[in-house]
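Only heavy atoms go into these numbers, but all of them, side chains included; no hydrogens, no water, no symmetry mates.
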Amino acid sequence: MRRLIRQCTQKVFLIVDGHPVHRAKAVHQWLEKHQDRIRLFFLPAYSPELNPDELLNHDVKANAVGRQRAKTKLK
C-alpha cells in the first residue's frame, strides 16, 4: 500500500476481501495515519458475484485436471 500511494497523485480507493491480513490491527493503524491518501472498502464475507477471483478459484478446484475422476482402475 505504501508503494501504491507513493505512485498515485490522487486518493486511492482499494476494494479488498475479508482476508485476515486486510483486517489486521497494524493495517488499520497504518490506514488511520494515511486516511487522506487511501481508503479500503471491504467486500461482503462471501460474494463470488462481486469478486471474480472467487469464481475462478471455484472453477479451478472443481474442474482442474488433478480433480477429475480416474478413467481406468489402477492395479
Side-chain angles (χ1 to χ4, degrees):
M1 289 189 299
R2 265 191 302 258
R3 278 187 274 158
L4 186 61
I5 65 171
R6 188 179 328 127
Q7 294 175 2
C8 294
T9 57
Q10 297 177 338
K11 187 170 184 174
V12 175
F13 297 96
L14 190 61
I15 300 170
V16 296
D17 61 14
H19 192 279
V21 74
H22 300 146
R23 298 188 178 275
K25 189 175 183 178
V27 171
H28 284 284
Q29 290 172 347
W30 187 87
L31 288 168
E32 284 180 17
K33 292 178 185 175
H34 299 91
Q35 61 187 345
D36 59 323
R37 303 276 304 142
I38 188 167
R39 179 164 177 206
L40 293 189
F41 291 89
F42 290 89
L43 289 171
Y46 181 73
S47 54
E49 68 282 357
L50 299 175
N51 188 353
D53 290 345
E54 292 293 334
L55 294 174
L56 177 63
N57 288 339
H58 172 73
D59 187 52
V60 169
K61 290 176 185 176
N63 302 315
V65 174
R67 303 274 296 186
Q68 290 180 353
R69 290 183 177 162
K71 294 180 179 158
T72 60
K73 290 184 179 180
L74 293 176
K75 294 181 180 182

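His28 is linked by a side-chain hydrogen bond (donor to acceptor under 3.5 Å, both in side chains) to nothing, counting only residues two or more places apart in sequence or in another chain. Contacts of Arg37 classified as side-chain contact (heavy atoms from CB on, under 4.5 Å), with partners at least two apart in sequence or in another chain: Ile5. Shown here are the side-chain contact (heavy atoms from CB on, under 4.5 Å) partners of Pro20, two or more places apart in sequence or in another chain: there are none.
Looking at heavy atoms from C-beta onward, Leu43 lies out of side-chain contact with Val16 at the 4.5 angstrom threshold. Using a 4.5 Å heavy-atom cutoff, the side chains of Met1 and Val27 are in contact. The closest side-chain heavy-atom distance from Ile38 to Trp30 is below 4.5 Å.
Cluster partners of Val21: none. The rule joins Ile, Leu, Val, Met, Phe, Trp and Tyr whenever side-chain heavy atoms lie under 4.5 Å apart, and it links nothing here.
Checking Val12, Leu31, Ile15 one by one against Leu40, the side chain to side chain contact (heavy atoms under 4.5 Å, CB included) holds for a single residue, Leu31.
Sorted by first and then second residue, the side chain to side chain donor-acceptor pair (under 3.5 Å) pairs with a member in residues 12-22 read Asp17-His22; sequence neighbours excluded. Within the structure, side chain to side chain donor-acceptor pair (under 3.5 Å) pairs that include any residue of residues 2-16 do not occur (at least two apart or interchain).
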